[in-house]
Amino acid sequence: MSSVSRLMTRIDTNGSLRRLQRADLPVNTVALARYLLGKVIVHDTANGRLSGRIVETEAYPVGDAAGHAFRGRTPRNGSLFLERGHAYVYLVYGASFLLNVSSEKAGVGAGVLLRAIEPLDGIELLDGTLRANRRADAGRGPGRLTKALKVDLRHDGLDLCSASSSLWLAASARKVGRIGRSVRIGLTYEADRVLRFYERGSAYISGPRSLLGE
DNA sequence: TATGCGATATTCT
DNA sequence: GAATATCGCATAG
């Protein structure tokens, strides 16, 4: 029998979560990238709530050659041009979905990539190697983050600030610590811009240790 | 710990 | 046909 045992983390947020309103979000990509640290991303599914505390983000501001919106609006990147607070989800390398939050006024293309979460409610850790079972790994890295939250292309374009959305943002359950910054990860263009933000000391962030400490 | 590689799907040239 | 905002495994030091 293929006994795929599962570990479930149940760290209740105790219903203490408050939905963020659009008015809460800064109308600026870099400001939003910092603002989102410590906030909670929530996905309410038929099988319960999945959530995590955001500990790492990257900004892809207006005019950034590394941003998908740089070459103008296409069917794929259209969500980046929605009013701030909408989800932009796409597939990279044929393997991983990445979740972004649109970050400017309607018609302006820019976004914030969510790179890592600290697991809160319902995050499932598939039994595999010891490595994959570590709780800290479940939401570390943008591809793992979407996997942990069960987010995919169906969520592209959703309004994260709508009162009825199943995917939404919540105010901090716990205050964010000191914020560190570094260059973004995995880029070829604009690789030297310091637009990655993370909670210093968090055990849940991605990337090489060499980027820590600023 | 650090680097390198292949897998994989969609978009754009 | 090339490029890609990644991941996991492999190998080397």
Side-chain angles (χ1 to χ4, degrees), chain A residues 4 7 28-34 36-37 41 52 54-82 84 86-104 108-117 119 123-158 160 180-198 203-213:
Chain A
V4 178
L7 297 174
N28 172 283
T29 304
V30 174
L32 182 64
R34 299 178 60 106
L36 287 177
L37 291 178
I41 176 80
I54 299 167
V55 293
E56 181 184 349
T57 62
E58 281 179 358
Y60 289 85
V62 177
D64 176 13
H68 285 188
F70 185 65
R71 274 164 248 280
R73 191 170 189 161
T74 67
R76 178 214 205 185
N77 68 19
S79 300
L80 281 177
F81 292 79
L82 299 174
R84 71 190 190 282
H86 284 77
Y88 167 51
V89 181
Y90 72 96
L91 182 66
V92 266
Y93 302 115
S96 305
F97 295 110
L98 270 60
L99 172 60
N100 304 253
V101 180
S102 66
S103 54
E104 299 282 343
V108 179
V112 173
L113 171 67
L114 304 187
R115 286 197 56 93
I117 53 170
I123 303 298
E124 265 182 24
L125 304 180
L126 291 179
D127 195 349
T129 64
L130 195 68
R131 196 192 194 94
N133 255 336
R134 288 182 48 215
R135 198 173 89 84
D137 284 335
R140 169 158 59 211
R144 290 174 181 160
L145 180 150
T146 54
K147 201 171 164 191
L149 290 174
K150 296 190 179 5
V151 164
D152 57 39
L153 248 32
R154 290 171 305 184
H155 302 93
D156 182 44
L158 285 188
L160 302 174
R181 61 180 74 193
S182 80
V183 296
R184 295 171 293 181
I185 294 177
L187 300 189
T188 48
Y189 296 112
E190 311 252 19
D192 54 347
R193 297 184 69 181
V194 179
L195 292 172
R196 170 173 173 260
F197 303 97
Y198 58 92
Y204 303 95
I205 62 180
S206 72
R209 295 176 82 93
S210 56
L211 285 180
L212 296 180

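In what follows, every chain begins at residue 1, and chains take the letters A, B, ... in the order their sequences are listed.
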Quiz item: Checking all strands, does Tyr189(A) fall into the base, sugar-phosphate, or nothing category for heavy-atom contacts under 4.0 angstrom?
Solution: sugar-phosphate
Self-check item: Below 4.0 Å: OP1/OP2 of dT4(C) and any side-chain N or O of Thr188(A)
Solution: yes
Exercise. With heavy atoms under 4.0 Å as the rule, sort Asn100(A) into base, sugar-phosphate or nothing.
Key: base
Quiz item: Looking across every strand, which nucleic acid part, if any, lies under 4.0 Å from Leu187(A) by heavy atom: base, sugar-phosphate, or nothing?
Solution: sugar-phosphate
Exercise. Taking only the side-chain heavy atoms of His68(A) (C-beta and beyond), determine which of dG8(C), dA5(C), dT6(C) contains the nearest atom.
Key: dA5(C)
Quiz item: Is there a side-chain contact between Tyr198(A) and Val55(A) (heavy atoms, below 4.5 Å)?
Solution: no
Quiz prompt | Distance test, side-chain N/O of Thr74(A) to OP1/OP2 of dC12(B), below 4.0 Å | solution = yes
Quiz item: Are any of the side-chain heavy atoms of His155(A) and Leu99(A) separated by less than 4.5 Å?
Solution: no
Quiz item: Do Arg184(A)'s NZ or CZ and the ring of Tyr60(A) fall within the cation-pi criteria of under 6.0 Å and 45°?
Solution: yes
Exercise. Starting at atom CZ of Arg115(A), determine the distance to atom C1' of dC7(C), rounded to an integer number of angstrom.
Key: 11 Å
Exercise. Return the value, rounded to whole Å, for the distance between atom CZ of Arg193(A) and atom P of dA5(C).
Key: 15 Å
Self-check item: Gap between atoms CG and P, on Asn77(A) and dT4(C) respectively (whole Å)
Solution: 16 Å
Quiz prompt | Whole-Å gap separating P (dT4(C)) and CZ (Phe70(A)) | solution = 14 Å
Practice problem: Calculate the interatomic distance between Arg71(A) atom CZ and dT11(B) atom C1'; express it in whole Å. | Solution: 12 Å
Quiz item: So what does Arg184(A) touch, heavy atoms closer than 4.0 Å: a base, only the sugar-phosphate, or nothing?
Solution: nothing
Exercise. Mind calculating the distance between CG (Asp156(A)) and P (dT11(B)) to the nearest angstrom?
Key: 11 Å
Quiz item: Which one is paired to dA9(B), where only Watson-Crick or G-U wobble pairs with both distances under 3.5 angstrom count?
Solution: dT4(C)
Quiz item: In whole Å, what is the span from the CG atom of Leu99(A) to the C1' atom of dT6(C)?
Solution: 15 Å
Quiz item: So which nucleotide from dA5(C), dT11(B), dC7(C) ends up closest to the side chain of Arg144(A)?
Solution: dC7(C)
Practice problem: For the residue pair Thr146(A) and Val89(A), establish whether any side-chain heavy-atom pair is separated by less than 4.5 Å. | Solution: no
Quiz prompt | Candidates dT6(C), dA5(C), dT13(B) - which lies nearest the side chain of Ser96(A) | solution = dT6(C)
Quiz item: Between Leu91(A) and Gly141(A), who's closer to the 5' end of DNA chain C by nearest nucleotide?
Solution: Leu91(A)
Quiz item: Between Leu98(A) (CG) and dT11(B) (C1'), how many Å, whole number?
Solution: 15 Å
Quiz item: Got a sec: does the CZ of Arg71(A) have more than 12 other heavy atoms crowding it under 6.0 Å?
Solution: no
Quiz item: Can you check whether Arg209(A) has a side-chain N or O nearer than 4.0 Å to OP1 or OP2 of dA2(B)?
Solution: no
Quiz item: Considering only heavy atoms from C-beta outward, does the side chain of His68(A) approach that of Leu98(A) to under 4.5 Å?
Solution: no
Quiz item: Quick one: is dA5(C) close enough that its OP1 or OP2 comes under 4.0 Å of any side-chain N or O from Arg196(A)?
Solution: no
